[in-house]
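Just below is one structure, and these are the notes that go with it.
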Protein chains: 2
Amino acid sequence: MTNQELKLKQAGFKITTPRQLILEVLKKYKTPLSAKQIYQYLPQIDLVSIYRNLKLLTNLKIIFQEIINNETFYYLDKKIHHHIVCQRCGRTECLPCNHKYKIKNFTNISHQLILSGLCNHCH
Amino acid sequence: MTNQELKLKQAGFKITTPRQLILEVLKKYKTPLSAKQIYQYLPQIDLVSIYRNLKLLTNLKIIFQEIINNETFYYLDKKIHHHIVCQRCGRTECLPCNHKYKIKNFTNISHQLILSGLCNHCH
DNA sequence: TTTATAATTGCAAATCATTTGCAATTATAT
DNA sequence: ATATAATTGCAAATGATTTGCAATTATAAA
């Protein structure tokens with residue numbers, strides 16, 4: 001049983017084929033993927049189930065999400081990383097700390113920092 | 001003629017009632033507002049026109065936008081500022097530099113930095 | 001190792017933010 | 001004043017995501 005499957009089980013959820021496949025895809029492609037993208041790799045699984053499972057896995061902190069240009073992307077390994085997005089075509093590049101030079105491919109740069117957490121009320 | 005109206009005119013666009021009212025609302029409320037929120041203040045104006053004008057004004061850099069939780073908010077004064085969003089209820093607080101202490105109301109904090117600009121291809 | 005049951009799935013339809021097409025209206029240059 | 005292109009409002013489309021519900025399936029207990 002994988003580490004992720006263990007977490008699922010410990011939280012009292014079933015280890016189902018869709019869940020296993022979604023995790024495998026995220027593991028294989030290593031990059032943040034949208035529900036639609038995962039669906040393209042797994043057309044056997046209903047898109048709705050993909051959405052539901054991505055939400056569950058996110059709640060359990062088995063996977064993590066980031067929202068870019070009104071679409072949510074999911075990834076397995078939580079490491080803080082940043083992006084630069086083209087305002088016109090939406091092209092996105094990851095900016096791992098050791099690739100900062102990539103910012104030279106862009107002009108007209110602005111930025112937005114979103115911190116998220118749980119407010120007192122929800123905690 | 002206001003500063004914003006001047007920019008519109010200089011860019012060759014008409015100064016229309018919807019545009020004036022949208023700018024007035026953004027000026028009055030000072031905080032980033034979504035199209036829907038602006039529509040609540042201006043029910044006389046079609047929501048579609050609000051969307052179209054917000055896009056135009058953004059393109060002309062008369063107003064600026066930021067995307068939080070899959071919804072776009074617009075504001076008049078470009079000053080870089082940051083937010084913290086509750087992962088559960090979506091409650092959002094602005095974090096102007098002089099109010100950093102507000103972060104104490106949140107736990108479980110993670111962050112995401114989005115830089116945007118124009119890539120070489122689109123420039 | 002069956003079986004009961006609650007969790008999960010797939011499908012259809014709903015929802016929410018945003019966009020598009022088009023005919024009617026309006027701001028502006030002449 | 002008026003011609004004309006830009007803009008509006010309305011209806012309908014789109015794209016991401018969610019919800020309801022009946023059918024299926026993983027799992028724990030017999």
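Note that the coordinates shown come from a computational prediction; the quantities given were computed from them, not determined experimentally. Residue numbers begin at 1 in each chain, while the letters A, B, ... track the order of the sequences.
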Might you point out which heavy atoms bring [X] and [Y] nearest each other, and give the distance in Å?
X     : Y     : value
A:K7  : A:K61 : NZ-O, 4.2 Å
A:P18 : A:N53 : CB-ND2, 3.9 Å
A:D46 : A:Y39 : C-CE1, 4.4 Å

Angle by which the axis turns from one end of the helix from C:dT1-D:dA30 to C:dT30-D:dA1 to the other, five pairs per end, to 10 degrees =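 Axis-to-axis angle, ends of the helix: 30°.
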Atom-to-atom span, [atom1] of [X] to [atom2] of [N] - whole angstrom:
X     : N      : atom1 : atom2 : result
A:L54 : C:dT8  : CG    : P     : 15 Å
A:L60 : C:dA7  : CG    : C1'   : 14 Å
B:Q65 : C:dA17 : CD    : P     : 16 Å
B:N53 : C:dT19 : CG    : P     : 13 Å
A:Y51 : D:dG20 : OH    : C1'   : 18 Å
A:Y39 : D:dG15 : OH    : C1'   : 14 Å
B:I38 : C:dT18 : CD1   : P     : 11 Å
A:I45 : C:dT8  : CD1   : P     : 15 Å

request  = I would like to know whether A:L57 and A:L8 meet side chain to side chain contact (heavy atoms under 4.5 Å, CB included); could you show each step before the answer?
outcome  = CA-CA 8 Å; A:L57 293 168; A:L8 262 178; 4.3 Å; yes
Dump every N/O contact between nucleotides 11-13 of chain C and the protein below 3.5 Å, one line per pair.
none

remark   = In B/S/- notation (B base, S sugar-phosphate only, - none; protein heavy atoms under 4.0 Å), nucleotides 24-30 of chain D written 5' to 3' is -BBSS--
ask   = Are B:L54 and B:V48 joined in one hydrophobic group, where the rule is that I, L, V, M, F, W and Y side chains link up if heavy atoms are under 4.5 Å apart?
value = no
task = Could you tell me whether the phosphate oxygens of C:dT19, OP1 or OP2, come under 4.0 Å of any side-chain nitrogen or oxygen in B:K55?
result = yes
ask   = Is there a side chain to side chain contact (heavy atoms under 4.5 Å, CB included) between A:F13 and A:L60 once you walk through the steps?
value = CA-CA 10 Å; A:F13 295 95; A:L60 295 177; 3.9 Å; yes
query = Where do B:I38 and B:L21 land on the side chain to side chain contact (heavy atoms under 4.5 Å, CB included) test, with the steps shown first?
reply = CA-CA 10 Å; B:I38 293 171; B:L21 290 175; over 6 Å; no
query = Yes or no on side chain to side chain contact (heavy atoms under 4.5 Å, CB included) for A:Q4 and A:R19, after CA distance, side-chain angles and deciding distance?
reply = CA-CA 10 Å; A:Q4 291 85 231; A:R19 285 172 188 167; over 6 Å; no
ask   = Relative to the 5' end of DNA chain C, which residue comes earlier, B:Y74 or A:L56, by the nucleotide with the nearest heavy atom?
value = A:L56
query = A:Q44 near the nucleic acid: base, sugar-phosphate alone, or nothing, with a heavy-atom cut-off under 4.0 Å?
reply = sugar-phosphate
message = Using a 4.0 Å heavy-atom cut-off, does B:S34 contact any base of the nucleic acid, only the sugar-phosphate backbone, or nothing at all?
response =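 B:S34: no heavy atom of the nucleic acid under 4.0 Å.
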